[in-house]
2 protein chains.
Amino acid sequence: MDQRNATNRPGAKHVALLAGVSTATVSRALNSPGAVDPATLQRVRDAVAQLRYVPHGAARSLRSQRSRMVGAIVPSFDYALYAKTTSALQQHLSAQGYSVVLAEHHYDLEQELHVARQLVEHGVDAFMLVGIDHDPRLFDLLDEHRRPFVLTWGVDTTGRHPYIGFDNRAAAQEVARHVISLGHERIGIVSAPVEGNDRGRERLAGFRAAIAQAGLKEPQVEHARIALHDAAAAMKKLLARKPRPTAVLATNDVLAVGAMMACRAAGISIPDDVAITGIDNTDLGATQTPGLTSVRTPIVEIGEAAAEQLVALIEGRGEARSRVMEFELVVRDSARRRLRRKDG
Amino acid sequence: MDQRNATNRPGAKHVALLAGVSTATVSRALNSPGAVDPATLQRVRDAVAQLRYVPHGAARSLRSQRSRMVGAIVPSFDYALYAKTTSALQQHLSAQGYSVVLAEHHYDLEQELHVARQLVEHGVDAFMLVGIDHDPRLFDLLDEHRRPFVLTWGVDTTGRHPYIGFDNRAAAQEVARHVISLGHERIGIVSAPVEGNDRGRERLAGFRAAIAQAGLKEPQVEHARIALHDAAAAMKKLLARKPRPTAVLATNDVLAVGAMMACRAAGISIPDDVAITGIDNTDLGATQTPGLTSVRTPIVEIGEAAAEQLVALIEGRGEARSRVMEFELVVRDSARRRLRRKDG
DNA sequence: TTGTACGCGTTATCAC
DNA sequence: GTGATAACGCGTACAA
């Protein structure tokens, strides 16, 4: 008999036949090689190799209630931020035989719920989500379907859900303090939209806190979508103000670079006329002229830790353990000590 | 009866019971609503909503030999290039109920074969691959398992496999000619590794062809991994040469920006002392000072077209149709007409 | 239009 | 250590 099944794929049956064992043994040889006699194990392995047998994932999932797939739901893959986290996740999972199923929601929590449902249906075992704030129905969904998950890129101060991230507010506060320590007093802010974006909200709050603590007056805040041209437009508004801010804080590097573009277009010198800072320490910012002062955030580390955590949860070893990671101010030349001028 | 199955998930059975129909009708209501009486259809839908029934993907896949998942195997998610293509793919597939399973191979074709096997096992229906060159065993694998696929980011001149891409060689040739037309004669090249990387190889060939056609002398070529610091190191070598090249072509924007970093570190002015160009027209390059002259490549369009093509192939409508897309020279300030100098 | 009954390919549960 | 057998949850002939 050399018949194949409908898909023309050799199945465990064929391997069993060729190795002279039962399908049960084939399954054991693949999944718990320790529990099978070395000699038969070898025969099975030979048969597998000869037939180039590839187990049928769907059948395995159906039977074992485990798909060995992890869902990664991120806001966006633009600008390499979450893409890098996902990449780290993927590499670590792939090494353990898991695959990553991707979804983006473009900062729309309704959409996030929708794609999460799609992934649950596709049978992913666990989820990496970005941020702390999500539609309550999303948590219900995951709960109902017993899907472990980990929130990333933030800290859940309510302690309700497991997370792996860092304190966005503190990170923002740290750059802001740095800028203030350089003598800046009129500060503008370019902020990402904060709706459904706790990272952005926390960062903005961190800026505000530092400014308030220093006793400076309320900053002007311009919101922009996370795109260079939107950020440039927001910066233009800040620059139109008289007197102009001497420093502009952006809630991330992309916005900061957009702000830099606006300055260049307007012939305004960085950092002499205006200081600019970002957050996340991306290559985009680091390679600007002048280099963007920023905060290094644990972009890659988050993905690695998430992979480790999720596999542990899926395989039933260990509890969900939240982790707070470090960040680090990276000083470059886009923000310097404020020059006293006639307009200052 | 309110029993649930092992996973505590309501199944088609439960829906059927609640709606007062058979599981067959439930299945039909979901998959071919036209073939079911409007009244019963409504009852089924109500039951589905009430129980928050989510079909079991693995069971469905097992039965229908279709997982509604597409594999995206890309070299890397760093630098937002392939991430953007994948993002476009994902968005278009998600809208049609498909999900994307991600894998990276970091320019290792052996690793690519390995992850492809993993994805076949996980049951993905079709593949988007990047580039034209792959391990022959990869094509065998896909063929054996009847998995449709499309190659991207290049043109398969042998016509053996379907592709959606652009002519990398011509793109490179176009920037090179532009630079030559500016009067540059001593040209250096920073190239990505070409092993297992047909895009890089074609681009390098395009540079060489343009230089040869112009009757200029052989360029010095330095290879660097696609990372800023490696590119900077390669550039340093080019700059050490006496006489120095007056223009340096990079096979992509990341390498070009790395080259810019080296110039800045060495106090060499762009474009007065040396002209630099990239390919791919990324934000990274566009936001440099001076802005990087580059070639816009159809990064997003490739992903969209791949999604469309793959769904068509999976659903059995239409043949694989290869597509050649356009690119476009984007002139900025990193390359200008060559200044005659004492050393020229 | 709807229901009955079987099978997709694998793994878990028993015996042996 | 190994084999027979019964599920896993759904889709689809076929019959009604």
**Student:** Look up atom CG in B:Asp108 and atom NE2 in B:His114, then write down how far apart they are to the nearest 0.5 Å.
**Tutor:**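 The NE2 atom of B:His114 is 10.5 Å from CG of B:Asp108, to the nearest 0.5 Å.
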
**Student:** How many Å lie between CD on B:Glu121 and P on C:dG9, as a whole number?
**Tutor:** 15 Å

**Student:** Closest nucleotide of DNA chain D for A:Ala35 versus for B:Arg28: which of these residues is on the 5' side?
**Tutor:**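 By nearest-heavy-atom nucleotide position, the 5'-most residue is A:Ala35.
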
**Student:** Would you please say whether a donor-acceptor pair under 3.5 Å links the side chains of A:Gln91 and B:His106?
**Tutor:**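 A:Gln91 vs B:His106: donor-acceptor pair found between side chains.
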
**Student:** Using a heavy-atom cut-off of 4.0 Å across all strands, would you classify A:Val26 as base, sugar-phosphate, or nothing?
**Tutor:**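 No contact.
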
**Student:** Which whole-number value in Å describes the distance from B:Arg66 CZ to D:dG9 P?
**Tutor:**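 Going from B:Arg66 (CZ) to D:dG9 (P), I get 23 Å.
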
**Student:** Between C:dG9, D:dG9, C:dG3, which one does the side chain of A:Ala59 approach most closely?
**Tutor:** C:dG9

**Student:** Can you find a donor-acceptor N/O pair under 3.5 angstrom joining the side chain of A:Arg63 to the base of D:dA7?
**Tutor:**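 Yes, the side chain and the base share a sub-3.5 Å donor-acceptor pair.
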
**Student:** Can you tell me how far P of C:dG7 sits from CD of B:Gln65, to the nearest Å?
**Tutor:** 15 Å

**Student:** Whole-Å distance between D:dC8 P and B:Lys13 NZ?
**Tutor:** 6 Å

**Student:** Once you round it to whole Å, what is the distance between P of C:dT11 and CG of A:Leu30?
**Tutor:**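 Roughly 7 Å, once rounded to whole Å.
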
**Student:** What's A:Thr25 touching, base or sugar-phosphate or nothing? Going by heavy atoms closer than 4.0 Å.
**Tutor:**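 Sugar-phosphate contact only - A:Thr25 comes under 4.0 Å of backbone atoms but never of a base.
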
**Student:** Using OP1 and OP2 only, check whether a side-chain N or O of B:Thr23 sits under 4.0 Å from D:dG11.
**Tutor:** no

**Student:** Take the protein atom CG of A:Asp37 and the nucleotide atom C1' of D:dG3, then report the distance between them rounded to whole Å.
**Tutor:**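 These atoms are roughly 15 Å apart.
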
**Student:** For A:His56 and D:dC8, give me the distance from atom NE2 to atom C1', rounded to whole Å.
**Tutor:** 14 Å

**Student:** Take atom CZ of A:Arg68 and atom C1' of C:dT11, then tell me their distance rounded to the nearest Å.
**Tutor:**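 Roughly 14 Å, once rounded to whole Å.
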
**Student:** Both B:Thr40 and B:Leu62 contact DNA chain C. Taking the nearest nucleotide for each, which residue is further toward the 5' end?
**Tutor:**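 Closer to the 5' end of DNA chain C: B:Thr40.
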
**Student:** Determine yes or no for a side-chain-to-main-chain donor-acceptor pair under 3.5 angstrom, with B:Ser27 supplying the side chain and B:Thr23 the backbone.
**Tutor:**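 No, B:Ser27 side chain to B:Thr23 backbone: no donor-acceptor pair under 3.5 Å.
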
**Student:** Between A:Trp153 and A:Tyr82, does the ring centre distance come in under 6.0 Å?
**Tutor:** yes

**Student:** Out of D:dC8, D:dG11, C:dT2, which has the shortest distance to the side chain of B:Arg60?
**Tutor:** D:dG11

**Student:** Where do A:Leu129 and A:Thr152 come nearest, in terms of heavy atoms and distance?
**Tutor:**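 Heavy atoms only, the tightest pair is O-OG1, 2.7 Å.
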
**Student:** Classify the nucleic acid contact of A:Ala24 as base, sugar-phosphate or nothing, counting any heavy atom under 4.0 Å across all strands shown.
**Tutor:** base

**Student:** Need to verify one output field. Residue with the more 5' nearest nucleotide on DNA chain C, A:Ser27 or B:Ser22?
**Tutor:** B:Ser22

**Student:** Would you classify A:Ser61 as touching base, sugar-phosphate or nothing, given that sugar-phosphate means primed atoms plus P, OP1 and OP2, and contacts are heavy atoms under 4.0 Å?
**Tutor:** nothing

